[in-house]
Amino acid sequence: QVRVNAEVEFDPAGKFVRCFGTVQDITRQRELERTLGRAESLLEDISRLTHVGGWEVSLPSGNPIWTSQVRRIFEADDSFEPTNEVSSKLLRAEALELVNSSIRDAMLLTRPFDIEYDAVTFRGNEVRLRSIGRPEQVDGRTVRIFGTLEDVTARRKVEAERRRYE
């Protein structure tokens, strides 16, 4: 495949002067785009199967980024863009403290975390969540914290039922 860019030049009277441009082989670029598309599709399929999503907090802005599976876990619209304020309203007080302290420790102490906590979805459903997070450093400075979010509600209910009958 090729990409052609051309420009035509005219003089002030509108008479054709010249045409110039470039021809670029974009075969490799198209192959890479298809490979990336397949990889993204595979990751989305795996995320749906496992009910595990991904999130990221970029520093210093602190703005969260959610994958589509995290949006599904919280029963948010696909177009929803999370903010710290809205995200914190989905957590119970003790969960909010646990999440905030885990993020703070990851940021300041480069400490990874694996936590479980209770939350409420946008539709008011209670969920039990597991989040694994880890900081990323560049030149000794934490630049982002990223991780997974898994809805473990059903698993915890089954475990509680099993314990009840033991």
Side-chain angles (χ1 to χ4, degrees), residues 1-91 95-96 99-100 102-113 115 117 119-125 127 129-151:
Q1 291 183 335
V2 295
R3 175 184 295 137
V4 177
N5 291 317
E7 290 189 35
V8 178
E9 187 177 312
F10 297 94
D11 67 15
K15 183 178 176 190
F16 173 80
V17 175
R18 67 182 172 152
C19 179
F20 57 94
T22 60
V23 176
Q24 180 182 14
D25 182 357
I26 59 168
T27 305
R28 181 74 179 133
Q29 178 183 344
R30 292 292 189 242
E31 289 171 357
L32 291 172
E33 288 171 355
R34 281 191 294 277
T35 299
L36 179 60
R38 284 193 306 271
E40 288 174 342
S41 179
L42 176 62
L43 284 172
E44 181 64 23
D45 290 344
I46 290 168
S47 185
R48 282 181 185 269
L49 285 171
T50 62
H51 303 284
V52 176
W55 55 266
E56 173 182 322
V57 176
S58 296
L59 303 171
S61 72
N63 294 328
I65 298 170
W66 290 358
T67 63
S68 56
Q69 182 61 33
V70 172
R71 285 183 180 83
R72 282 191 288 276
I73 289 170
F74 281 109
E75 300 180 317
D77 292 333
D78 289 340
S79 62
F80 173 74
E81 292 299 327
T83 64
N84 286 326
E85 182 181 344
V86 172
S87 299
S88 66
K89 291 180 180 177
L90 299 170
L91 306 179
L96 182 59
V99 169
N100 284 343
S102 298
I103 296 287
R104 185 175 48 251
D105 288 351
M107 183 174 58
L108 300 175
L109 306 173
T110 65
R111 184 180 297 159
F113 58 87
I115 57 176
Y117 54 91
V120 178
T121 70
F122 283 100
R123 295 184 184 158
N125 295 310
V127 289
L129 304 175
R130 178 182 183 205
S131 185
I132 301 172
R134 142 183 124 110
E136 178 183 324
Q137 291 205 311
V138 174
D139 297 328
R141 225 184 73 216
T142 303
V143 294
R144 75 180 180 130
I145 302 164
F146 65 97
T148 62
L149 187 72
E150 178 182 9
D151 183 350

| Going from CG on L96 to CG on L90, what distance comes out if it is rounded to the nearest 0.5 angstrom? | 10.5 Å
| CD-CG distance between Q24 and N5, expressed to the nearest 0.5 angstrom | 7.5 Å
| said: Has D11 got a side-chain atom pairing as donor or acceptor with K15's backbone, closer than 3.5 angstrom? | reply: yes
| query | With no hydrogens and no angle check, is any side-chain donor or acceptor of T148 less than 3.5 Å from a backbone partner on G53? | reply | no
Under 6.0 Å from the [atom1] atom of [X], do we count more than 12 heavy atoms belonging to anything else shown?
X: R72; atom1: CZ; value: yes
X: E7; atom1: CD; value: no
X: E9; atom1: CD; value: yes
X: D78; atom1: CG; value: no

| query | When you look at F113 and D105, which way does the side-chain contact (heavy atoms from CB on, under 4.5 Å) test go after all the steps? | reply | CA-CA 9 Å; F113 58 87; D105 288 351; over 6 Å; no
For a quick test of reading the model, state the closest non-hydrogen atom pair linking [X] to [Y] and the distance between them.
X: F74; Y: V120; result: CD2-O, 4.1 Å
X: T83; Y: P64; result: C-CG, 3.8 Å
X: I145; Y: I103; result: CD1-O, 3.5 Å
X: T142; Y: M107; result: OG1-O, 3.0 Å
X: P82; Y: S87; result: CB-OG, 4.0 Å
X: V23; Y: V2; result: CG1-CB, 4.2 Å

Any luck finding a side-chain donor-acceptor pair between [X] and [Y] under 3.5 Å?
X: E56; Y: S58; answer: yes
X: S79; Y: D77; answer: no
X: T27; Y: Q1; answer: no

| Note, L129 side chain near D151 side chain (heavy atom, < 4.5 Å) | yes
| 4.5 Å side-chain heavy-atom contact, R134 and F146 | yes
| said: Test of understanding: with side chain to side chain contact (heavy atoms under 4.5 Å, CB included), list the residues that count as partners of E81, not counting sequence neighbours. | reply: R71
| said: Does this structure show an ion pair linking R34 with E31, if we count only N-O contacts that are shorter than 4.0 Å? | reply: no
| message | According to ring pair (Phe, Tyr, Trp, His ring centres under 6.0 Å), who are the partners of F80, at least two apart in sequence or on a separate chain? | response | W66, F122
